[in-house]
**Q** 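Before I ask anything, let me first share the structure, which is written out below as structure tokens.
Sequence lines set the chain letters: A, B, ... in the order given, protein chains first and strands last, and positions in each chain run from 1.
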Amino acid sequence: MAREAVAWPPEETLSLWKREQARLKALVVDRDTEAWQRDAAFSGLQRVGGVDVSFVKGDSVSACASLVVLSYPELEVVYEDCCMVSLTAPYMSGFLAFREVPFLEDAVQRLREKEPRLVPQVLLVDGNGVLHHRGFGVACHLGVLTDLPCIGVAKKLLQVDGLENNAQHKEKIRLLRAGGDSFPLIGGSGTVLGMALRSHDHSSKPLYISVGHKISLEAAVRLTRGCCKFRIPEPVRQADIRSRDYIRRTLGVPGPPAPGQERSQKVQKPKMCPQEGSEEPEGEGRPPEGHS
DNA sequence: GCGACAG
DNA sequence: ATCTTGTCGC
């Protein structure tokens with residue numbers, strides 16, 4: 001059942017969200033806290049995680065949240081968790097975390113309970129870290145709430161604090177010639193907010209890397225580069241692929257099967273994740289269906 | 001009113 | 001985010 005857009009938050013909610021961002025921002029650690037982060041070969045790093053949320057087309061509420069863990073440096077998937085969720089907040093630039101983080105946090109919690117040995121040593125997050133309207137993007141948010149090192153990996157430049165995707169910026173991109181080339185993104189106050197990174201020799205469109213939590217920008221860029229078989233770093237790419245795949249297997253392919261291809265798809269029963277605020281009323285069970 | 005707008 | 005097949009280039 002396709003559901004329509006979630007209600008747009010009232011101004012009061014936005015104020016609360018901003019205050020929450022300001023409160024949690026004070027807890028961000030924007031430097032290396034782990035030994036492997038300072039090692040030239042990331043010696044000691046064995047597990048890198050990636051998270052993503054994919055959406056059901058034509059439905060602005062149903063989505064699949066996924067968490068994957070890859071071995072490092074092999075980049076092979078050693079853990080996967082996908083589950084369907086019902087989003088409660090709309091997408092608003094600057095408040096992405098309030099839409100996605102609760103479900104990603106749940107996924108991390110399930111991993112900690114089920115397979116504590118597979119908990120990743122760092123998470124790559126689709127979106128920005130400190131490169132954000134108020135210096136506290138989704139990668140910071142997830143990092144602080146899980147206490148895991150997190151890296152913000154955005155596919156487009158968020159134009160905040162004087163950063164602009166203008167001709168000058170495009171020219172700097174043109175000068176990135178090989179995978180690993182990068183240039184700093186400097187905000188109006190002179191602060192380095194992140195780095196534009198050419199993640200692969202064969203991809204001219206850069207990634208925008210910023211600190212999420214418990215890692216330096218330098219290590220974040222170097223590790224992201226070390227996770228790229230293609231433009232999108234493997235942990236995020238696998239989380240994206242698998243969450244979209246899960247939606248297909250769960251909802252099936254729309255439309256009648258083509259002739260000669262009527263091999264019916266096994267449509268799995270979607271795994272719905274337990275969600276706050278959607279419990280049945282406690283106490284008496286639901287009354288039996290009446291005859292009205 | 002106009003432009004911007006991570007995912 | 002998603003809508004979407006083939007196609008041009010290395």
**Q** Send over the distance from F98(A) CZ to dA6(B) C1', rounded to a whole Å.
**A** 14 Å
**Q** Answer with base, sugar-phosphate or nothing: what part of the nucleic acid does V138(A) contact at a heavy-atom distance below 4.0 Å?
**A** base
**Q** What does G152(A) touch in the nucleic acid at a heavy-atom separation under 4.0 angstrom: a base, only the sugar-phosphate, or nothing?
**A** nothing
**Q** In this structure, how many angstroms lie between the C1' atom of dA1(C) and the CZ atom of F103(A), rounded?
**A** 15 Å
**Q** Within the side chain of R198(A), is there an N or O that forms a donor-acceptor pair under 3.5 Å with the backbone of G180(A)?
**A** no
**Q** Just call it for H202(A): base, sugar-phosphate, or nothing, with non-hydrogen atoms closer than 4.0 Å on any strand.
**A** nothing
**Q** Does anything in residues 153-176 of chain A come within less than 4.0 Å of DNA chain B? Heavy atoms only, and list the residues if so.
**A** A154(A), K155(A), K156(A), L158(A), Q159(A)
**Q** Round to the nearest Å and state the distance from L87(A) atom CG to dT2(C) atom P.
**A** 12 Å
**Q** Expressed as a whole number of Å, how far does the C1' atom of dC5(B) sit from that of dT2(C)?
**A** 16 Å
**Q** Rounded to whole angstroms, how far apart are CZ on F95(A) and P on dA4(B)?
**A** 20 Å
**Q** Regarding E113(A) and Q109(A), is there a side-chain donor-to-acceptor distance under 3.5 Å anywhere?
**A** yes
**Q** For a 4.5 angstrom cut-off between non-hydrogen side-chain atoms, does H132(A) reach L193(A)?
**A** no
**Q** To the nearest angstrom, how far is N128(A) atom CG from dA1(C) atom P?
**A** 13 Å
**Q** If only atom types and distance count, is the side chain of S71(A) paired as donor or acceptor with the main-chain N or O of E76(A) below 3.5 Å?
**A** yes
**Q** Is the NZ or CZ atom of R134(A) positioned over F95(A)'s six-membered ring, under 6.0 angstrom from the centre and within 45° of the axis?
**A** yes
**Q** In whole Å, what is the span from the NE2 atom of H141(A) to the P atom of dA6(B)?
**A** 18 Å
**Q** Answer yes when R177(A) and D201(A) have at least one side-chain N-carboxylate O distance shorter than 4.0 Å, and no when they do not.
**A** no
**Q** Starting at CZ of R99(A) and ending at P of dC5(B), how long is that distance when rounded to a whole Å?
**A** 18 Å
**Q** What pairs meet the side chain to side chain donor-acceptor pair (under 3.5 Å) rule with one or both residues in residues 216-234 of chain A, with sequence neighbours excluded?
**A** D32(A)-S216(A), E234(A)-R237(A), E234(A)-Q238(A)
**Q** Can you measure L14(A) atom CG to dC5(B) atom P for me and round it to whole angstrom units?
**A** 18 Å
**Q** Can you identify which nucleotide, out of dA6(B), dG7(B), dT2(C), has its nearest atom closest to the S54(A) side chain?
**A** dT2(C)
**Q** Would you call Y91(A) stacked on dA1(C), i.e. ring centres under 5.5 Å apart with the planes less than 30° off parallel?
**A** no
